Amino acid sequence: MDSTEYSFEMNMEKKRLETFKDWPFNHMDCKCTAEKMAAAGFYHCETDDDPDVARCFVCFKELDGWEPEDDPWQEHKKHSPKCEFVKLNKSSNEITVQQFLELEANRQANRMRKYVDANLKDFEHMRDQAREEMMKLVPEP
């Protein structure tokens with residue numbers, strides 16, 4: 001996970017928009033412009049292999065393979081229907097303080113879930129390696 005994923009600043013639509021500097025779909029005829037992506041809860045987190053990866057600041061769902069006709073809200077709803085931001089169906093600039101606090105609580109819970117899942121995989125890998133090494137120590141009958 002990168003530091004942007006944990007950044008509290010991604011709660012702000014303006015900060016999400018700033019991540020779309022190299023976004024390939026900023027033409028007037030595109031539905032998934034940087035502004036629309038940020039309004040739908042996404043920030044840009046491109047990689048060398050995927051220049052159009054966008055991640056939700058609440059559920060952390062990553063989507064790539066964007067097409068100019070893709071609507072960010074519809075794609076978010078389709079791929080992450082349980083996302084609390086999607087359920088609100090409002091721009092970050094339109095939510096109440098109570099809704100903001102609930103979103104942040106959900107974001108933190110999702111962040112911890114991802115952290116635990118990632119560490120669990122590492123632990124299971126180390127466990128399997130240790131088991132293999134121990135089996136080498138057992139004398140054959």
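If you read the sequence from its start, that first residue is 1, and numbering goes on from there. Predicted model, so just to flag it, every value in this text is computed and none were measured.
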Throw together a table of side-chain donor-acceptor distances under 3.5 angstrom for residues 121-129, partners on residues two or more places apart or in other chains.
| from | atom 1 | to | atom 2 | distance (Å) |
| --- | --- | --- | --- | --- |
| His125 | NE2 | Gln129 | NE2 | 3.3 |

Same cluster (ILVMFWY, side-chain, under 4.5 Å), [X] and [Y]:
X     : Y      : value
Val58 : Tyr43  : yes
Leu17 : Phe25  : no
Phe42 : Phe100 : no
Val97 : Ile95  : yes
Phe57 : Phe8   : yes

Apart from [X] itself, which Ile, Leu, Val, Met, Phe, Trp or Tyr residues share its cluster (side-chain heavy atoms under 4.5 Å, direct or through members)?
X      : value
Val53  : none
Val86  : none
Leu137 : none

Item to complete: Could I get the full list of ring-ring contact (aromatic ring centres under 6.0 Å, His included) partners for Phe20, not counting sequence neighbours?
Response: Trp23, His44
Worksheet item: Can you name the residues that form a side chain to side chain donor-acceptor pair (under 3.5 Å) with Glu132, not counting sequence neighbours?
Response: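 Result, side chain to side chain donor-acceptor pair (under 3.5 Å) vs Glu132: none returned.
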Practice prompt. Kindly say whether Cys30 contributes a backbone atom to a donor-acceptor pair with the side chain of Thr33 at under 3.5 angstrom?
Written response: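 Such a contact is absent between Thr33 side chain and Cys30 backbone.
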[atom1]-[atom2] distance between [X] and [Y], expressed to the nearest 0.5 angstrom:
X      : Y      : atom1 : atom2 : result
Leu88  : Leu103 : CG    : CG    : 5.0 Å
Met112 : Asp117 : CE    : CG    : 10.5 Å
Cys59  : Lys114 : SG    : NZ    : 9.0 Å

Worksheet item: Can you list every salt bridge (charged side-chain N to carboxylate O under 4.0 Å, His left out) pair that touches residues 31-41, not counting sequence neighbours?
Response: none
Response to the item:
Applied to residues 83-96, the salt bridge (charged side-chain N to carboxylate O under 4.0 Å, His left out) test, sequence neighbours excluded, yields Glu84-Lys87
Worksheet item: Of Lys14, Arg16, Gln99, which is the lone residue that meets side chain to side chain donor-acceptor pair (under 3.5 Å) with Ser92?
Response: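 Of all the options given, the one that passes is Arg16.
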Worksheet entry | Nearest non-hydrogen partners of Pro51 and Pro24, listed with the distance | O-CD, 4.2 Å
Worksheet entry | Shortest non-hydrogen separation from Pro72 to Cys32 and the atoms involved | CG-CA, 3.9 Å
Residues which pass salt bridge (Lys or Arg N to Asp or Glu O under 4.0 Å) with [X], listed by chain and number, not counting sequence neighbours:
X      : value
Glu18  : Lys15
Glu104 : Arg107
Glu46  : none

Worksheet, complete the sentence: side-chain hydrogen bond (donor to acceptor under 3.5 Å, both in side chains) pairs touching residues 64-77, sequence neighbours excluded, are Glu75-His79
